[in-house]
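Here's the structure, in structure tokens; my notes come after.
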There are 2 protein chains.
Amino acid sequence: MSQEGGVGDVDRAVGYVLKQAATVLRGAMDTALRPLGLTVSQYATLELLDQRPGSSVAELARAAFVTRQAMTGVLAGLQDAGWVSRPAVAPQGRALPATVTDEGRRRLREASVAVAGVQERMLAGLTPDRRERLLADLQECVAALEPGA
Amino acid sequence: MSQEGGVGDVDRAVGYVLKQAATVLRGAMDTALRPLGLTVSQYATLELLDQRPGSSVAELARAAFVTRQAMTGVLAGLQDAGWVSRPAVAPQGRALPATVTDEGRRRLREASVAVAGVQERMLAGLTPDRRERLLADLQECVAALEPGA
DNA sequence: TGACTCATGTCAGGATCCTGACACACTCGA
DNA sequence: TCGAGTGTGTCAGGATCCTGACATGAGTCA
């Protein structure tokens, strides 16, 4: 019972397990990154910025699924640490293109290895085929729920 | 390139898509629950409490992946709304067993249908087999990362 | 040129959650 | 019996993120 149009047992609800997985992963990343002096948000921002050099705060915020205000705070911390630099004046429009500094890139490389280890540990029990399928299914879920759909 | 021991393209990193899926799902649940006057946290707590009647704050907190303090705040809101009741004195030990009221159960039933709709929309593009596999894979990921592992 | 729209950066305020700490209640073993 | 260990509820403080709002710069079009 307790089915009749509802969600059913939470342990078998994809949404519940999805949040659980995201929470556990974030925790594992946090413990892996803490010794390196990086938060999960900072690492994610560095990784994004390394792959999209010259991004504005707004672009990074969208890529990291947070608001511009939140990303502004993260970027400020990264700038204070000397891992990210932004020009004082906008070269065009209002956007201030951010770039990873050499020191930031070194830090990112260490962090990236650590995070890759966590991801590998998470996926250790899955065959390459299953990993591909898992990724594809998650992307399908995202596409189905996105506002534009 | 940019592979060499690192994470690789973020769009193909399971962790990135996992967080994206969790974020999009939470947003969709929020818009679905808002008309019913429920937050996602409140709904999750009601659903958990309906399936585990008499749970304490600490038990609910563990089940919802938050701290006791956060769950205390959510429960206080639910009690103020009259959807959850707790005895004034602990019948045993210090734990105060919480239960969903009749009014709360009515509200939960509506919310559960709404959330089930969101989940169905998210999984619409997946066959039953793929849904089962997705659930199993996510559970595998959780088990592989859990502290006790 | 001027009005409109859109995107960006920023400020102010509030909501949510976390870490750290403390006191109380039960259980178990010396 | 009593002490340690565990689990629970709660308070205080801080960190992170969000909503709402505003001003600025660029592009579009009458």
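Naming convention: chains lettered A, B, ... in sequence-line order (proteins, then strands); numbering from 1 in each chain.
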> What pairs meet the ring-ring contact (aromatic ring centres under 6.0 Å, His included) rule with one or both residues in residues 75-116 of chain B, with sequence neighbours excluded?
Replying inline: none
> Going by heavy atoms in the side chains, are A:Glu47 and A:Gln42 under 4.5 Å from each other?
Replying inline: no
>> Can you work out whether A:Glu59 or B:Thr67 has the more 5'-proximal nearest nucleotide on DNA chain C?
In response: A:Glu59
> How would you list all residue pairs meeting ring-ring contact (aromatic ring centres under 6.0 Å, His included) that involve residues 95-144 of chain A, not counting sequence neighbours?
Replying inline: none
>> Counting only heavy atoms and a strict 4.0 angstrom limit, can you tell me which residues of residues 84-101 of chain B come near DNA chain C?
In response: B:Gly93, B:Arg94
> Among pairs that include at least one residue of residues 116-136 of chain A, which meet ring-ring contact (aromatic ring centres under 6.0 Å, His included), considering only residues two or more places apart or in two chains?
Replying inline: none
> Taking only residues at least two apart or on different chains, which pairs with a member in residues 107-131 of chain A satisfy ring-ring contact (aromatic ring centres under 6.0 Å, His included)?
Replying inline: none
> Earliest and latest nucleotide of DNA chain D, 5' to 3', sitting under 4.0 Å from a non-hydrogen atom of chain A?
Replying inline: D:dC17 to D:dA26
>> Checking B:Arg107 now: which residues fulfil salt bridge (Lys or Arg N to Asp or Glu O under 4.0 Å) with it, not counting sequence neighbours?
In response: B:Glu103
>> Using side-chain heavy atoms (C-beta onward) and a distance below 4.5 Å, is B:Leu138 in contact with B:Leu18?
In response: yes
> So with a 6.0 Å cut-off around CD of B:Gln92, is the heavy-atom count from everything else above 12?
Replying inline: no
>> Just to verify, what does A:Glu110 make a side-chain hydrogen bond (donor to acceptor under 3.5 Å, both in side chains) with, not counting sequence neighbours?
In response: none
>> The criterion is side-chain hydrogen bond (donor to acceptor under 3.5 Å, both in side chains); which residues satisfy it with B:Thr99, sequence neighbours excluded?
In response: B:Ser85
>> Before you tell me yes or no, could you show the steps for A:Arg68 and A:Glu59 under salt bridge (charged side-chain N to carboxylate O under 4.0 Å, His left out), namely the whole-Å CA-CA distance, both residues' side-chain angles and the distance that decides it to 0.1 Å?
In response: CA-CA 8 Å; A:Arg68 287 170 292 172; A:Glu59 287 171 331; over 6 Å; no
>> Using the side-chain hydrogen bond (donor to acceptor under 3.5 Å, both in side chains) criterion, which residues pair with B:Asp30? Sequence neighbours excluded.
In response: B:Arg34
> Hey, what bend do you get for the helix from C:dT1-D:dA30 to C:dA30-D:dT1 if you fit axes on five pairs at each end, rounded to 10°?
Replying inline: 10°
> Should B:Thr101 and B:Val84 count as side-chain neighbours, where that means a heavy-atom distance under 4.5 Å?
Replying inline: no
> Between A:Arg26 and A:Arg68, which has a closest nucleotide on DNA chain D that is more 5'?
Replying inline: A:Arg26
> Which ones in residues 32-42 of chain A lie close to DNA chain C, meaning a heavy atom under 4.0 Å from one of its atoms?
Replying inline: none
